[in-house]
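Just so it is clear, the model here is predicted, and its values are computed rather than measured. Hydrogens, waters and symmetry mates are skipped; everything else that's a heavy atom, side chains included, is used.
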Amino acid sequence: MANETKKTKVDDPRATRLLFDALKQKARGETALVKLTPADTVALTGMPSAQAEPALKSLVKTYRSHLAVTDDGDLVYEFDPALERRDKVPLGERLQAAGQVAWRGFQFLFKIWIVVTLVVYVVAFLAMMISMMFARSADDRDDRRGGGGGLPWIWFWLMPDMAPPGYSRDRYGRPLRAAPDKPKKRFYQSVFDFVFGAKGAPIDPRESDKRLVAFLRDHKGRVTAAELAALTGLSLAAAEEELTRLMVEYDGEVEVASDGTLLYVFEEVLPSASAAGTHWAWAWDKADPVPPLTGNTAGTDAVVGGFAAFNLLASFTIGPAFLHRVHLGGDPLATFFVTLFPLIFSAIFFAVPAGRWAVRSRALARREKRQLRRELLREIWAQPLEARDPAELAGRASQRTGVPLETARAMLDELVRDLDGDVTTDEAGAMRYVFPRLGEEQRAVAAARAAAKDKQLGEVIFSSEDDAKDGVLG
């Protein structure tokens, strides 16, 4: 078989800038989509096609656009006349990002405050309380206790991670046998999680793309906008725009089926020497967890909350009484550190998780909405060409998710718009919903996959490992 050389057209930043300036001039004053073919880019800029085509793909990748195909198979790229970048961050998201930076800074500082304040003030208030209880015989008791030493048992009870080895003994004073090492959350981490919540798993920004590639490799590199909508929960319009980006990112092509369905083909992701380890799932089968409020056990939360509640209560009971007994009630500095300072700390300590609870409640409400949409999508995807009773569809989804029937019906109407559904009537005049585009794309892509050949790696004709074995390397 003759060797085939694949020609790669490289993007030239200067050519991209030239095409962008020409496109911007063409879009000036327009309200409709600005349409370009690869040949138009050559005419607009005077560049050879070897430069114009990569420049066009670069603009498609950077700016919001759509892809259309004529009945002759010609590609038409459609740009929003505003030339809005795909990575443009809305003001709301910029404010959210700034808020996240401020939140991380607050977490860092407040964690230091917690370490310094929570346990120290618990011990200090306990010491104040005990000193007031035994004030009459304080000197004698201090002598017998060897000066107190800061009540070490309280430190080790509050912060068990700080206890020295062998500190734990039985009632006869014999060292207790150490328990087998078990991974457990340290107490200070439980305190941090009570306030700020458990740290979630890191998010891979490419996770959705990796899942799509896994789907493509399982389906001969072919996908439709309807399938991407079923994989992600997007509307068909959003799925088409996303596929335009993916075509540029992963060297995709467009095929037109006999019924006019656009098939997005990604042959470049198919050759494989081993499994990638990434799995795909339909939108309705994906896990959608919301992190727990603290990640602690109920008992641990009760202990941590008890410490903070003790500080809060002691700041306006034990503290003022102690200052009065030692004749410092009128000292502003002593009053601040014994009463106001722990009061402010305890108020913030409880206010932060209370605010997180409110945020988490909204997150749960959004997840409920996503789950409802996915359940309806599951029902629609199973039989898109069958005229379905909307009340039955909404009722099934409502029963599975537990949301009110009225909410499910409103979401179903939204999906009719998002998935190009049709509203028809049966012989009795009853309203029915049908989704012809989903059914047509399902049939078209199934036929295309059946006709496509499996793309396998050829036989290895050269490997540097062979040279290494022969002593050529190393």
Show which side-chain atoms of residues 103-120 pair as donor or acceptor with protein atoms under 3.5 Å away, not counting sequence neighbours.
residue : atom : partner : partner atom : Å
W113    : NE1  : T117    : OG1          : 2.9
T117    : OG1  : W113    : O            : 2.8

For residues 316-323, which side-chain donor-acceptor pairs fall under 3.5 Å, sequence neighbours excluded?
residue : atom : partner : partner atom : Å
T317    : OG1  : L313    : O            : 2.6

Where the side chain of [X] meets the backbone of [Y], is there a donor-acceptor pair that is under 3.5 Å apart?
X: S361; Y: V359; result: no
X: R367; Y: D288; result: yes
X: R356; Y: F194; result: yes
X: R211; Y: A281; result: no
X: K24; Y: A82; result: no
X: S398; Y: G395; result: no
X: R217; Y: V269; result: yes
X: S315; Y: P342; result: no

Can you give me the closest heavy-atom contact between [X] and [Y], atom names plus distance?
X: V434; Y: P384; result: CG2-O, 3.5 Å
X: A408; Y: A394; result: CB-O, 3.5 Å
X: A229; Y: A239; result: N-CB, 4.1 Å
X: G233; Y: A283; result: N-CB, 4.0 Å
X: A27; Y: P81; result: CB-O, 3.7 Å
X: A397; Y: L372; result: CB-CD1, 3.9 Å

Nearest-0.5 Å distance that lies between atom [atom1] in [X] and atom [atom2] in [Y]:
X: L33; Y: R64; atom1: CG; atom2: CZ; result: 10.5 Å
X: L243; Y: E249; atom1: CG; atom2: CD; result: 12.0 Å
X: L231; Y: W282; atom1: CG; atom2: CH2; result: 5.0 Å
X: E375; Y: Q399; atom1: CD; atom2: CD; result: 11.0 Å
X: T401; Y: M411; atom1: OG1; atom2: CE; result: 9.5 Å
X: K210; Y: H279; atom1: NZ; atom2: NE2; result: 11.0 Å

Carboxylate-amine/guanidinium contact [X] [Y], below 4.0 Å:
X: R437; Y: E441; value: yes
X: R245; Y: D209; value: yes
X: E406; Y: R409; value: no
X: R222; Y: E267; value: yes

inquiry  = Quick one about T294 and D301 (side-chain donor to acceptor, distance below 3.5 Å, no hydrogens or angles considered), yes or no?
reply    = yes
Is the closest side-chain heavy-atom distance between [X] and [Y] below 4.5 Å?
X: L438; Y: L236; result: yes
X: R417; Y: D413; result: yes
X: V34; Y: E78; result: no
X: T335; Y: L340; result: no
X: F435; Y: V416; result: yes
X: L377; Y: L419; result: yes
X: R360; Y: W357; result: no
X: K369; Y: T407; result: no

inquiry  = Going by side-chain contact (heavy atoms from CB on, under 4.5 Å), Y264 matches just one of V445, L216, V254, T224. Which one?
reply    = V254
ask   = By side-chain contact (heavy atoms from CB on, under 4.5 Å), which residues pair with D418, not counting sequence neighbours?
value = S235, R373, E414
message = Pair F79, V60 - check side-chain contact (heavy atoms from CB on, under 4.5 Å), show working.
response = CA-CA 8 Å; F79 291 89; V60 170; 3.8 Å; yes
Salt bridge (Lys or Arg N to Asp or Glu O under 4.0 Å) pairs, two or more places apart, involving residues 223-233 = E227-R449
note = Applied to residues 187-201, the salt bridge (Lys or Arg N to Asp or Glu O under 4.0 Å) test, sequence neighbours excluded, yields K185-D193
key: F307 ring center near Y121 ring center (under 6.0 Å)   = no
query = Does the ring center of F341 lie less than 6.0 Å from the ring center of F345?
reply = no
request  = Start with the C-alpha gap between L126 and M129, add the side-chain angles, then the distance that decides, and say whether side-chain contact (heavy atoms from CB on, under 4.5 Å) holds.
outcome  = CA-CA 5 Å; L126 283 173; M129 183 173 62; 3.6 Å; yes
remark   = Hits for side chain to side chain donor-acceptor pair (under 3.5 Å) against T300, two or more places apart or cross-chain, chain-then-number order -> T297
inquiry  = Before you tell me yes or no, could you show the steps for K286 and R374 under side-chain contact (heavy atoms from CB on, under 4.5 Å), namely the whole-Å CA-CA distance, both residues' side-chain angles and the distance that decides it to 0.1 Å?
reply    = CA-CA 9 Å; K286 290 179 181 176; R374 291 172 179 181; 4.3 Å; yes
query = Where do Y77 and S65 land on the side-chain contact (heavy atoms from CB on, under 4.5 Å) test, with the steps shown first?
reply = CA-CA 7 Å; Y77 297 91; S65 54; 5.8 Å; no
task = Can you label the angle between the W381 ring and the W284 ring as parallel, tilted or perpendicular, going by 30° and 60°?
result = tilted
query = Does the ring of Y433 carry R388 above it, NZ/CZ under 6.0 angstrom from centre and within 45° of its axis?
reply = no
